[in-house]
Amino acid sequence: MENKYDRWDLSYLYTDFDDERLKNDLASLKDDAEKGIALLQDADRDRLSVLEQSVAHSEQISAKVDRLVNFIQCTLAVDATNEKANAAMDQLMMAFTDLDLASSALSRYVAETENLEELIAASEKLRPIAFALREMKEKASHLIAPEVEPWILEMQLSGGEAFSQLRDKLDSTLAVDYRDEKLPLSGVRGKAYDPDPAVRKDAYEAEIASYAKVELPMSYCLNSIKMEARTLAKARNYETVLDMTLDDSRMDRQTLDALWTAVKEYLPHFRRYLKAKCRLLGHTDGLPFYDLFAPVGAVTKKFTVEEAREILIREMGKFSPEMAAFIGNAFDARWIDFYPRDGKTGGAFCSSVHYADRSLVMTNFQGSFSDVSTLAHELGHGWHNRCMAGLPYMMTDEPMPLAETASIFNETMLSWQVLRSCSPEEKLYLLENGLMEATQTVVDIYSRFLFEQEVIDTRPDHAMSVDELKAAMLRAQEASYGDGLDPEIRHPYMWACKSHYYSSGYNFYNFPYAFGLLFGKGVFARYLEQGPAFAKDYCSLLRSCGSAPVAEVAASVGIDVRDPAFWRSSLEVIRKDIDLFCSLAGQEE
């Protein structure tokens with residue numbers, strides 16, 4: 001039976017897929033795109049008038065797409081086989097081709113406007129989106145040639161986007177044979193947090209065995225998406241896929257190099273933590289993968305959703321009463337879809353519904369403290385969305401690295417608040433939980449970066465077979481985890497498990513998480529230095545994330561992300577937690 005906190009409410013978007021508003025909105029997108037292009041071709045009006053009308057039209061389209069995307073994608077996220085949702089998604093994807101063409105036409109028009117700065121200065125309507133207009137002009141050289149853009153966009157629908165959707169359906173409909181019953185993959189993966197070691201081991205083995213059912217089509221999906229990425233990089237005049245991703249992320253190579261330089265220096269500390277956990281759990285040759293998420297310490301309590309709500313309101317309210325009220329409302333207004341079930345995809349996400357000043361959060365909550373932390377993480381994204389409320393759509397497009405700032409800040413805040421008042425036994429548990437998550441966000445993310453780089457570099461030569469992909473993943477895990485993991489019990493199918501590899505148009509959807517974790521901790525350090533007064537600056541920082549390059553946004557709170565020293569200072573915070581964990585666990589080398 002459904003309880004008060006079970007599934008999210010999407011009815012304010014549309015009532016269902018037979019809603020005439022939804023049908024009309026979907027059907028009107030092509031006309032909207034054509035009107036947008038026609039506005040730019042009106043030679044009878046001056047450029048200022050054209051730009052003002054075009055921007056207003058773009059905002060109207062964005063609000064409509066906002067409603068459609070959230071209703072359709074969020075429905076499919078929890079009900080992958082919904083036929084009406086899948087049909088609507090196909091129609092939406094077709095419309096995106098026309099909308100992308102209209103967007104490119106506006107960008108070209110802006111790039112050809114020689115007196116852009118004069119027009120911005122003269123217009124109350126253009127000044128609020130000045131950064132977006134300047135960015136359009138600056139990046140015009142990376143637009144796909146107009147004579148081939150329609151064909152490339154249309155081919156993407158049957159290429160990368162189709163393969164991405166196929167992968168999600170394979171994942172969400174995969175039935176895993178676990179102890180004489182069939183469970184969804186997300187439910188089996190959730191057992192990695194179970195206090196019973198036999199459950200964890202059996203779930204891991206069942207998960208690994210299940211991938212044999214889908215490994216071949218998933219390998220085709222991955223190879224196809226990464227080959228498309230190489231083609232798009234060439235079409236957009238980038239030397240590499242990574243260069244394209246960095247530019248789209250408003251981030252430079254110097255910043256990424258500084259991040260990885262510090263991360264590689266601190267990998268031995270993460271391995272020290274893994275080996276301490278290994279010994280604590282009775283292993284000798286490195287931690288087996290199935291015990292990466294094993295709970296350690298006296299707190300093995302299962303939390304209800306109601307208890308999670310109470311904890312988050314209480315602890316986050318110590319930073320900001322406004323944030324506490326926001327979190328309470330997210331629960332009460334049914335913004336969240338909590339539990340795993342058949343047809344629901346794994347993992348968790350938060351989606352902004354900007355026009356309505358709301359967010360939608362999906363989790364696979366099973367009651368662990370990690371699940372509570374995941375809620376804090378996703379509601380951090382929601383708070384970021386709240387801080388951007390009222391901005392033009394053009395100014396809400398925060399780059400991937402900064403998109404994790406608020407979520408990591410929330411996780412860090414929750415852990416810091418709880419650790420201050422807990423017993424030594426609870427402290428061991430909470431420290432380990434934080435280190436477990438940090439290891440995923442730094443060490444595992446580094447392995448994902450290395451793996452994706454190898455796939456992209458290999459792809460022009462040939463499509464990698466299932467065995468090659470498994471071997472590449474194990475090499476990446478060796479480079480990142482090293483002797484912290486048992487070399488005989490790793491996870492060769494992480495390339496099939498993680499959906500981020502398959503996000504068409506979002507390549508290297510990995511390093512932003514490491515950036516976000518360490519940047520979020522650096523921002524949190526500013527809060528510890530400045531106290532409650534920092535809350536206002538923090539919200540201003542979040543609001544500015546779509547308004548400047550990454551380095552400039554970071555500089556607004558005194559952080560130089562191009563300097564490895566900043567990343568070392570954030571990693572040093574984690575290193576101190578590792579020292580404390582090893583001491584409390586009695587597992588110091």
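Just so it is clear, the model here is predicted, and its values are computed rather than measured.
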Chemist: Taking the basic N atoms (NZ, or NE/NH1/NH2) and the acidic carboxylate oxygens, is any pair closer than 4.0 Å for R167 and D171?
Modeler: yes

Chemist: State, with a plain yes or no, whether a side-chain heavy atom of L375 is found less than 4.5 Å away from one of I336.
Modeler: yes

Chemist: Tell me whether D332 is salt-bridged to R309, with the criterion being a basic N under 4.0 Å from an acidic carboxylate O.
Modeler: yes

Chemist: Considering non-hydrogen atoms only, spot the tightest contact between P392 and T396 and give its length.
Modeler: O-CG2, 3.4 Å

Chemist: What residues form a side-chain contact (heavy atoms from CB on, under 4.5 Å) with T255, not counting sequence neighbours?
Modeler: M251, D252, F515, V561, R562, W567

Chemist: Donor-acceptor pairs are to be reported for all side-chain atoms of residues 142-154 against protein atoms at under 3.5 Å, with residues two or more places apart or in another chain.
Modeler:
residue: H142; atom: ND1; partner: R236; partner atom: O; Å: 2.7
residue: E149; atom: OE1; partner: R108; partner atom: NH2; Å: 3.3
residue: E149; atom: OE2; partner: S104; partner atom: OG; Å: 2.5

Chemist: Is there any salt bridge (Lys or Arg N to Asp or Glu O under 4.0 Å) pair reaching into residues 541-556, and which pairs are they, with sequence neighbours excluded?
Modeler: none

Chemist: Between M89 and Q73, is a side chain to side chain contact (heavy atoms under 4.5 Å, CB included) present by the stated rule, with each step listed?
Modeler: CA-CA 8 Å; M89 176 60 79; Q73 287 191 342; 3.3 Å; yes

Chemist: For E228 and S504, does a side-chain donor sit closer than 3.5 Å to a side-chain acceptor?
Modeler: yes

Chemist: Taking the six-membered ring of Y109, is NZ or CZ of R47 closer than 6.0 Å to its centre and within 45° of its axis?
Modeler: yes

Chemist: Return yes if a side-chain donor-acceptor contact under 3.5 Å exists between E378 and T363, otherwise no.
Modeler: no

Chemist: Hey, what do you get for CZ (F338) to CZ (F365), rounding to the nearest 0.5 Å?
Modeler: 7.5 Å

Chemist: Using the salt bridge (Lys or Arg N to Asp or Glu O under 4.0 Å) rule, take K23 and D19 through it: C-alpha gap first, then chi angles, then the decisive distance, then the call.
Modeler: CA-CA 7 Å; K23 294 178 180 179; D19 189 329; over 6 Å; no

Chemist: Please check if the number of heavy atoms outside K234 that lie under 6.0 Å from its NZ is greater than 12.
Modeler: no

Chemist: If you look only at distance, which donor and acceptor atoms sit under 3.5 Å apart when one is on a side chain in residues 81-88 and the other is two or more places apart or in another chain?
Modeler:
residue: N82; atom: OD1; partner: K84; partner atom: N; Å: 3.2
residue: N82; atom: OD1; partner: A85; partner atom: N; Å: 2.9
residue: N82; atom: ND2; partner: D79; partner atom: OD2; Å: 3.2
residue: K84; atom: NZ; partner: D18; partner atom: OD1; Å: 3.3
residue: K84; atom: NZ; partner: D18; partner atom: OD2; Å: 2.9
residue: N86; atom: OD1; partner: K169; partner atom: NZ; Å: 2.8
residue: N86; atom: ND2; partner: A80; partner atom: O; Å: 3.1
residue: N86; atom: ND2; partner: N82; partner atom: O; Å: 2.9

Chemist: Would you indicate whether the side-chain heavy atoms of D248 and P399 approach each other to under 4.5 Å?
Modeler: no

Chemist: Grab the two heavy atoms, one from M388 and one from C545, that are nearest each other, plus how far apart they are.
Modeler: CE-CB, 3.9 Å

Chemist: Go through the structure and list residues passing side-chain contact (heavy atoms from CB on, under 4.5 Å) with S407, not counting sequence neighbours.
Modeler: H377, H381, E404

Chemist: Answer with yes or no after comparing the ring centroid distance for F163 and Y220 against a 6.0 Å cut-off, counting only values under it.
Modeler: no

Chemist: Return yes if a side-chain donor-acceptor contact under 3.5 Å exists between S351 and N70, otherwise no.
Modeler: yes

Chemist: Verify salt bridge (Lys or Arg N to Asp or Glu O under 4.0 Å) between E398 and R250, making sure each step is shown before the conclusion.
Modeler: CA-CA 9 Å; E398 76 271 21; R250 301 186 188 128; over 6 Å; no

Chemist: By the side chain to side chain donor-acceptor pair (under 3.5 Å) test, which pairs, at least two apart or in different chains, include something from residues 384-395?
Modeler: D66-Y393, D357-R386, S359-N385

Chemist: Any side-chain heavy-atom pair from L166 and Y502 closer than 4.5 angstrom?
Modeler: no

Chemist: If the condition is side-chain contact (heavy atoms from CB on, under 4.5 Å), which residues does Q53 pass it with, not counting sequence neighbours?
Modeler: L39, R45, S49

Chemist: Should the ring pair F508 and F449 be called parallel, tilted or perpendicular, given that the plane angle runs from 0 to 90° and is split at 30 and 60?
Modeler: tilted

Chemist: The criterion is ring-ring contact (aromatic ring centres under 6.0 Å, His included); which residues satisfy it with W335, sequence neighbours excluded?
Modeler: F326

Chemist: With a 3.5 Å cut-off and no angle check, do the side chains of D6 and Y339 form a donor-acceptor pair?
Modeler: no

Chemist: Under 4.5 Å between any side-chain heavy atoms of L119 and E52, yes or no?
Modeler: no

Chemist: Could you pull out all residues at least two apart from R341 that satisfy side-chain contact (heavy atoms from CB on, under 4.5 Å)?
Modeler: R7, V78, D337, K344

Chemist: Under the ring-ring contact (aromatic ring centres under 6.0 Å, His included) test, which residues partner F71, sequence neighbours left out?
Modeler: Y14, F17

Chemist: Looking only at heavy atoms, which two atoms of V110 and L116 are closest? And how far apart?
Modeler: CG1-CD2, 3.9 Å

Chemist: With a 4.0 Å cut-off on N to O distance, would you call K226 and E452 a salt bridge?
Modeler: yes

Chemist: ring-ring contact (aromatic ring centres under 6.0 Å, His included), that's the test. Do Y538 and Y527 meet it? Break it down for me.
Modeler: CA-CA 8 Å; Y538 174 65; Y527 161 65; 8.6 Å; no

Chemist: Sequence neighbours left out, what passes salt bridge (charged side-chain N to carboxylate O under 4.0 Å, His left out) with D168? Give chain and number order.
Modeler: none

Chemist: Under 6.0 Å from the NZ atom of K30, do we count more than 12 heavy atoms belonging to anything else shown?
Modeler: no

Chemist: If the threshold is 4.0 Å, N to carboxylate O, is there a salt bridge linking D25 and R21?
Modeler: no

Chemist: The test is side chain to side chain donor-acceptor pair (under 3.5 Å); show your working for T458 and D461 and say whether it passes.
Modeler: CA-CA 6 Å; T458 304; D461 181 68; over 6 Å; no

Chemist: Side chains of L379 and C350: does their closest heavy-atom pair fall under 4.5 Å?
Modeler: no

Chemist: Would you say Q530 has more than 12 foreign heavy atoms packed within less than 6.0 Å of its CD?
Modeler: yes

Chemist: Taking the side chain as C-beta and beyond, is there a heavy-atom pair between L450 and Y446 under 4.5 Å?
Modeler: yes

Chemist: Under the ring-ring contact (aromatic ring centres under 6.0 Å, His included) rule, collect the residues that match up with Y501, sequence neighbours excluded.
Modeler: F451

